[in-house]
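Have a look at the structure below before the remarks.
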Amino acid sequence: MTPSPVLDFKFTAPPESPAQTFLPGRPAGVLGRSFTPERNPRLQGLQCLRCDTLYPVTLANDGCPACRQAGFHVGLRASYRPGGADVVPMPYVQGFSLGEGNTPQHDMPELAQQFGVARLSIKDESRNPTGSPKDRLTAMGVAQALDAGAHTLVLASSGNTAVSAAHYAWAAGLGCEVATYEAMPATYARQLDALGARRYVFADNTGRWGFVRERSQYPGYFALSNYRLPALGSAPLGVEGYKAIAEECLQDGGLPDHVVVPTGRGDMAWGIYAGFRDLLAAGRIARLPRMWLVEPFPRLSRVLGGGALNGSYPGRTAQLSSAGATVTYLQWQAATASGGGAVVVGDDEARAARRLLTAAGVSAELAAAAGLGAVRQLREAETIAADAHVVLVLTSDASSDPSWPDRAVAA
């Protein structure tokens, strides 16, 4: 364990040959070293989410300097020039892929009837190559790393993002360094070790993010995850990968009225919102769906109630994929700009929802099952109308969730 009280301190020096940190005998450059991503010619830079100031595309993820001077900690998004046939533009017209995306969307008529809504659909993101929507983020991140000539991905994660990054880095011929908690689930740790990713263990977020921030200062290192406090979110071009979920939802099931998504720091929720925003701007849809961000204890809900956006809102939960104490401008914007909000679903309610999903033949990690609990709350409050179409984003199945199986419930 390497505890860290501050962000600015020095860690173990990087390996002399970072790209050679994988297992002996691994093929050099499985896919990526001979692959050059093709950047979208419409990509003009990174733009502040709040003030719209435009900055050049870099590997750094330090947010908007102008807003920071004014006391706001705001991330950046990709900005594209007008024109082009791509309704939902992406940073790369030919990126790096292991087959992520185009995940199935299933209608669940029995659950819809049980919850009193006209239509309830599940967007099954567990069908991505490593079992979670993080592959969409990682694919874009790897493309940017290859585009910029980086040799190593570095990130803070003890869950799905770590697994995704290790797989994609291995396939791309990149190094991978992951700052984790002590209690990283063994099933995730085994995958990282098998893929040759280097793990560094810390006691808290301060240590993890400090490590990523320090590493990102070295040439050739690309930080995929957040490393700032107050938090900004993951690498902006990586977050763009989530926008495709919106277009897929529209193609596979029509425009939903509500989208319910588990949230940690809001990368995916904002990406889905941004995808629908692009569709609206292109005239493909007439309105935005309302985005409901599901959290295991009050964070965003406290901010929406008047709390500080850059505050710390700690809590304990078994919902590993949506844990954390921070809130980002990404989350706030996705909720408020879409007319949605935050819904708190505790672990017991999430477990009850997971039993319903399991009975319906759906395997869900606890954080994903919490989305069904949110649908119940919103329906009971009549925030979701009886004639609504609701899409629930299933982030991952229960196979690698340390909270599975659920404890038995006494009769």
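Keep in mind it's a predicted model, so treat the numbers as computed, not measured. Below, all heavy atoms of this structure are taken into account, side chains as well, without hydrogens, waters or symmetry copies.
Shown are Arg119, Arg290, Arg287; of these, the salt bridge (Lys or Arg N to Asp or Glu O under 4.0 Å) with Asp257 is made only by Arg287. Of the candidates Lys134, Glu125, Glu365, Lys123, Thr395 forms a side-chain hydrogen bond (donor to acceptor under 3.5 Å, both in side chains) with just one, namely Glu365.
Smallest separation of non-hydrogen atoms from Ala169 and Leu153: CB-CD1, 4.1 Å. Residue Ala360 comes nearest to Leu111 through the heavy atom pair CB-CD1, 4.2 Å, listed as atom of the first residue, atom of the second, then distance. Annotation for Ala374 and Val345: closest pair N-CG2, 3.6 Å, computed over non-hydrogen atoms. Taking each heavy atom of Gly45 and Val57 in turn, the nearest pair found is CA-CG2, 3.7 Å. Met268 and Pro262 get closest at one heavy-atom pair: CE-O, 4.4 Å. Residue Ser158 comes nearest to Leu320 through the heavy atom pair O-CD2, 4.0 Å, listed as atom of the first residue, atom of the second, then distance.
Remark: Arg199 engages Asp193 in a salt bridge (charged side-chain N to carboxylate O under 4.0 Å, His left out) (not counting sequence neighbours).
With 3.5 Å as the limit, one finds no donor-acceptor pair spanning the side chains of Glu177 and Thr152. Donor-acceptor pairing under 3.5 Å is recorded for the side chains of Gln44 and Ser79. Side-chain contact of Gln377 with Glu349: a donor-acceptor pair under 3.5 Å is present, judged by distance alone. Judged by distance alone, the side chains of Asp347 and Thr317 do bring a donor and an acceptor atom under 3.5 Å apart. Using modelled atom types and a 3.5 Å distance limit, the side chains of Tyr218 and Glu214 yield a donor-acceptor pair.
At distances below 3.5 Å, at least one donor-acceptor pair connects side-chain atoms of Ser225 with backbone N or O atoms of Ala156. Counting only distance, with no hydrogens or angles, the side chain of Gln191 and the backbone of Ser164 share no donor-acceptor pair below 3.5 Å. Side-chain N or O atoms of Glu248 include one that pairs as donor or acceptor with a backbone N or O of Asn102 at under 3.5 Å. Within the 3.5 Å criterion, the main-chain N or O of Ser121 finds no donor-acceptor partner in the side chain of Gln105. One N or O on the side chain of Tyr227 and one on the backbone of Asn61 form a donor-acceptor pair closer than 3.5 Å. No donor-acceptor pair closer than 3.5 Å links the side chain of Asn205 to the backbone N or O of Gly324. The closest donor-acceptor contact from the side chain of Thr328 to the backbone of Arg265 lies under 3.5 Å. For Arg81 (side chain) and Pro41 (main-chain N/O), a donor-acceptor pair under 3.5 Å exists by modelled atom type. A donor-acceptor pair under 3.5 Å is absent between the side-chain atoms of Thr263 and the main chain of Leu293, judged by distance alone. With hydrogens and angles disregarded, no donor-acceptor distance shorter than 3.5 Å links the side chain of Arg136 to the backbone of Tyr242.
Met184 has its side chain within reach of Leu192: a pair of non-hydrogen atoms, C-beta onward, lies under 4.5 Å apart. Under the 4.5 Å side-chain criterion, counting only non-hydrogen atoms from C-beta, Pro89 is in contact with Asn40. Inter-residue side-chain proximity for Phe115 and Leu356 is flagged as met; some heavy-atom pair is nearer than 4.5 Å. Side-chain contact between Pro289 and Leu255 is present, with heavy atoms from C-beta onward closer than 4.5 Å. Within the 4.5 Å cutoff, the side chain of Asn160 has heavy atoms near those of the Ser321 side chain. Counting only heavy atoms from C-beta outward, the side chains of Trp404 and Thr358 approach each other to under 4.5 Å. Phe276 has its side chain within reach of Cys249: a pair of non-hydrogen atoms, C-beta onward, lies under 4.5 Å apart. Using a 4.5 Å cut-off on side-chain heavy atoms (C-beta onward), Arg208 and Val212 make no contact.
With a 6.0 Å radius and a threshold of 12 heavy atoms from other residues, nucleotides or ligands, Arg127 has its CZ atom at or below the threshold.
Going from atom OG1 of Thr326 over to atom OH of Tyr313 covers 10.5 Å, rounded to the nearest 0.5 Å. The CG atom of Asp147 lies 12.0 Å from the CE atom of Met140; values are rounded to the nearest 0.5 Å. Once rounded to the nearest 0.5 Å, the distance linking CG of Asp124 with CG of Asp397 reads 8.0 Å. Rounding to the nearest 0.5 Å gives a distance of 4.5 Å between CD1 of Ile384 and CG of Leu378. Atom CG of Leu137 is separated from atom CG of Asn128 by 11.5 Å, given to the nearest 0.5 angstrom. Atom OG1 of residue Thr180 and atom CG of residue Leu155 lie 10.0 Å apart, to the nearest 0.5 angstrom.
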- Task: Let me see the working for Asp406 and Arg355 under salt bridge (Lys or Arg N to Asp or Glu O under 4.0 Å), right down to the final yes or no.
- Result: CA-CA 8 Å; Asp406 291 326; Arg355 289 192 289 273; 5.1 Å; no

- Between Leu174 and Leu146, is a side chain to side chain contact (heavy atoms under 4.5 Å, CB included) present by the stated rule, with each step listed? CA-CA 9 Å; Leu174 299 172; Leu146 294 172; 4.0 Å; yes

- Can Asp86 and Arg42 be said to form a side chain to side chain contact (heavy atoms under 4.5 Å, CB included), step by step? CA-CA 10 Å; Asp86 47 344; Arg42 292 174 55 201; 2.3 Å; yes

- Under the side chain to side chain contact (heavy atoms under 4.5 Å, CB included) rule, what do Val117 and His258 come out as? Steps first, then yes or no, please. CA-CA 11 Å; Val117 295; His258 304 269; over 6 Å; no

- Starting from the C-alpha separation in whole Å, work towards a yes-or-no answer on side chain to side chain contact (heavy atoms under 4.5 Å, CB included) for Ser363 and Ser126. CA-CA 9 Å; Ser363 174; Ser126 73; over 6 Å; no

- Task: Applying ring pair (Phe, Tyr, Trp, His ring centres under 6.0 Å), run through His151 and Phe222 and close with a yes or a no.
- Result: CA-CA 8 Å; His151 54 62; Phe222 174 49; over 10 Å; no

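In this structure, Trp332 and Tyr329 have tilted ring planes: the angle between them lies in the 30° to 60° band.
For the pair Arg299 and Phe297, the distance from NZ or CZ to the six-membered ring centre is under 6.0 Å and the angle to the ring normal is within 45 degrees.
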Under 3.5 Å, which donor-acceptor pairs link side chains of residues 232-241 to any protein atom two or more places apart or in another chain?
| unit_1 | atom_1 | unit_2 | atom_2 | d |
| --- | --- | --- | --- | --- |
| Ser234 | OG | Asp267 | OD2 | 2.5 |
| Glu240 | OE1 | Tyr80 | OH | 2.7 |
| Glu240 | OE1 | Lys243 | NZ | 2.9 |

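Looking at Arg284 and Asp278, no side-chain N of the basic residue comes within less than 4.0 Å of a carboxylate O on the acidic one, giving no salt bridge.
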